[in-house]
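Computed from a predicted structure; not experimentally measured. For reference, positions follow the sequence shown, starting with 1. Both counts, for ligands and for their atoms, begin at 1 and track the order of listing.
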Amino acid sequence: MIEKTPSVVVVGSVAVDWVITPKAERETSVGGSATFFSMAASYFGPVRLVGIVGKDFPEQSITDLQASHVDTEGLEVVPDGLTFRWKGRYHDNMNERDTLDTQLNVFEHFDPKLPESYRRSEYLFLANIVPALQLKVLDQMDERPRMVGLDTMNLWIENTRDDLLKVLERVDVLTINEEEARQLTGEPNLVRAARRIHELGPKSLVIKRGEYGALLFHDGDVFSAPALPLEEVIDPTGAGDSFAGGFVGYLARVGETSGESLRSAMIYGSVMASFCVEGFSYDRLKGLTHERIDERFMAFSRLTHFERARLL
Ligand code: AMP
């Protein structure tokens with residue numbers, strides 16, 4: 001069977017988070033970069049997940065992923081191991097957070113093996129995980145995918161910089177937080193940091209700025225996407241990964257990466273991030289419809305549309 005939409009392989013963390021916000025707390029909140037990415041990208045086409053969990057991972061979440069048509073053949077379940085755990089507390093502004101605890105658990109000895117059926121996928125997203133594992137997955141693809149995307153974090157920029165630079169050389173798109181872009185390049189100015197990142201490999205760069213939206217740098221062009229002003233943000237965890245899911249999912253769906261498609265992808269990314277933050281875990285990403293996604297796309301369009309009311 002020939003698939004209409006090329007599929008996206010994602011490798012990253014599948015986690016049990018403990019999330020504390022100024023107003024609420026959830027002790028067992030299923031998260032992980034690959035989980036959020038998969039849920040968000042699943043609305044655009046087939047997604048194939050590579051990751052690892054332990055015996056404590058809720059069965060229901062595997063069912064949820066499968067119900068969203070995420071292929072979980074590459075999700076290893078270790079019967080005598082524990083799932084990766086992350087605990088974080090958000091500041092009052094909900095834009096900053098502190099990591100209180102990280103337990104690698106099954107990640108410590110994870111040796112990802114790409115199922116045969118994944119190896120010819122045209123799109124690959126290396127979601128946040130230790131760069132050595134990202135490299136292992138990239139090396140197992142039969143051919144170089146049409147597009148390789150990457151996300152990373154401060155921990156890897158600090159501790160495993162050489163491996164990270166090796167992966168960076170081989171990717172087309174990097175999604176990274178504002179502070180991490182500065183940390184990676186040592187350059188406080190974002191435009192100059194972007195130029196430096198292009199020199200490290202990625203032709204396209206998305207700088208995520210939390211509640212201030214995201215910037216795309218591509219081919220000498222800059223595009224700014226807002227975040228939707230929401231009255232209540234419940235839990236920002238996973239917003240960046242959901243953004244990446246919408247962004248890459250849309251590009252895989254349209255099958256090209258022209259400047260215009262990249263701009264639309266930025267808005268679909270922002271749409272998926274806006275749903276994500278409306279609830280804990282992937283609660284709000286589950287069970288969406290294309291109508292609701294399109295409605296929100298139009299809300300972004302209204303938010304940024306302007307014409308000059310009259311000439312000077
Ligand atoms: P985001 O809010 O998009 O930055 O992603 C949050 C997710 O990242 C959480 O669900 C965590 O489980 C996951 N996470 C936190 N620390 C790490 C880490 N060191 N490696 C991989 N994933 C992590």
Visitor: Below 4.0 Å from ligand 1: does a non-hydrogen atom of Phe107 turn up there or not?
Guide: no
Visitor: The criterion is side chain to side chain contact (heavy atoms under 4.5 Å, CB included); which residues satisfy it with Thr83, sequence neighbours excluded?
Guide: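 Counting only residues at least two positions away or on another chain, Thr83 forms a side chain to side chain contact (heavy atoms under 4.5 Å, CB included) with Val16, Val53, Asp56, Phe57.
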Visitor: Any nitrogen or oxygen of Thr102, side chain or backbone, less than 3.5 Å from one on ligand 1?
Guide: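 N/O-N/O distance under 3.5 Å: no.
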Visitor: Given the side-chain rings of Phe223 and Phe217, with only the six-membered ring counted for Trp, is the space between their centroids under 6.0 Å?
Guide: no
Visitor: Check if Phe243 has a non-hydrogen atom at a distance under 4.0 Å from any atom of ligand 1.
Guide: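 For ligand 1, residue contact (heavy atoms, under 4.0 Å) with Phe243 is absent.
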Visitor: Report yes or no: do Phe110 and Leu82 belong to one cluster of Ile/Leu/Val/Met/Phe/Trp/Tyr joined by side chain heavy-atom distances under 4.5 Å?
Guide: no
Visitor: Regarding atom 20 (N) of ligand 1: of the candidates Trp18, Trp156, Phe37, Phe36, which has the closest heavy atom?
Guide: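 Selected option, by shortest heavy-atom distance: Trp156.
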Visitor: Ring centres of Tyr268 and Phe297 under 6.0 Å apart?
Guide: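 Centroid distance Tyr268-Phe297: below 6.0 Å, so yes.
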Visitor: Report, in ascending order of atom number, the atoms of ligand 1 lying under 4.0 Å from any heavy atom of Asp241.
Guide: 1 (P), 3 (O), 5 (O), 6 (C), 7 (C)
Visitor: Distance-only, no hydrogens or angles: does the Tyr43 side chain make a donor-acceptor pair with backbone N or O of Gly246 under 3.5 Å?
Guide: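 Absent.
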Visitor: Just which atoms of ligand 1 are under 4.0 Å from any heavy atom in Gly240?
Guide: 3 (O)
Visitor: Does the residue Thr237 have a heavy-atom contact with ligand 1, meaning some pair of atoms that are separated by less than 4.0 Å?
Guide: yes
Visitor: Is a side-chain donor or acceptor of Gln134 paired with a backbone partner of Ala127 at a separation under 3.5 angstrom?
Guide: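 Yes, the answer is positive, given that a donor and an acceptor are paired below the 3.5 Å cut-off.
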Visitor: If the cut-off is 4.0 Å to any non-hydrogen atom of Ser13, which atoms of ligand 1 fall inside it?
Guide: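 Those qualifying, in numeric order: 13 (C), 21 (C), 22 (N), 23 (C).
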Visitor: Taking 4.0 angstrom as the limit and counting only heavy atoms of Gly31, give me the atoms of ligand 1 inside it, by number and element.
Guide: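 Ligand 1 atoms under the 4.0 Å threshold to Gly31: 10 (O).
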Visitor: Hey, which atoms in ligand 1 end up nearer than 4.0 Å to a heavy atom of Gly32?
Guide: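 Answer for ligand 1: 9 (C), 10 (O), 12 (O).
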Visitor: Report yes if Gly238 has an N/O atom closer than 3.5 Å to an N/O atom of ligand 1; otherwise report no.
Guide: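 Right, the criterion is met.
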Visitor: Write out the residue and atom name of the closest protein heavy atom to atom 19 (N) of ligand 1, then the distance separating them to 0.1 Å.
Guide: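 For atom 19 (N) of ligand 1, the nearest protein heavy atom is Met153 SD, 3.4 Å.
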Visitor: I'd like to know if the side chain of Arg146 and the backbone of Leu124 have a donor-acceptor N/O pair within less than 3.5 Å.
Guide: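 Absent.
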Visitor: Are there more than 12 heavy atoms of other residues, nucleotides or ligands under 6.0 Å from atom NE2 of His91?
Guide: yes
Visitor: Can a non-hydrogen atom of Arg97 be found less than 4.0 Å from any atom of ligand 1?
Guide: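 For ligand 1, residue contact (heavy atoms, under 4.0 Å) with Arg97 is present.
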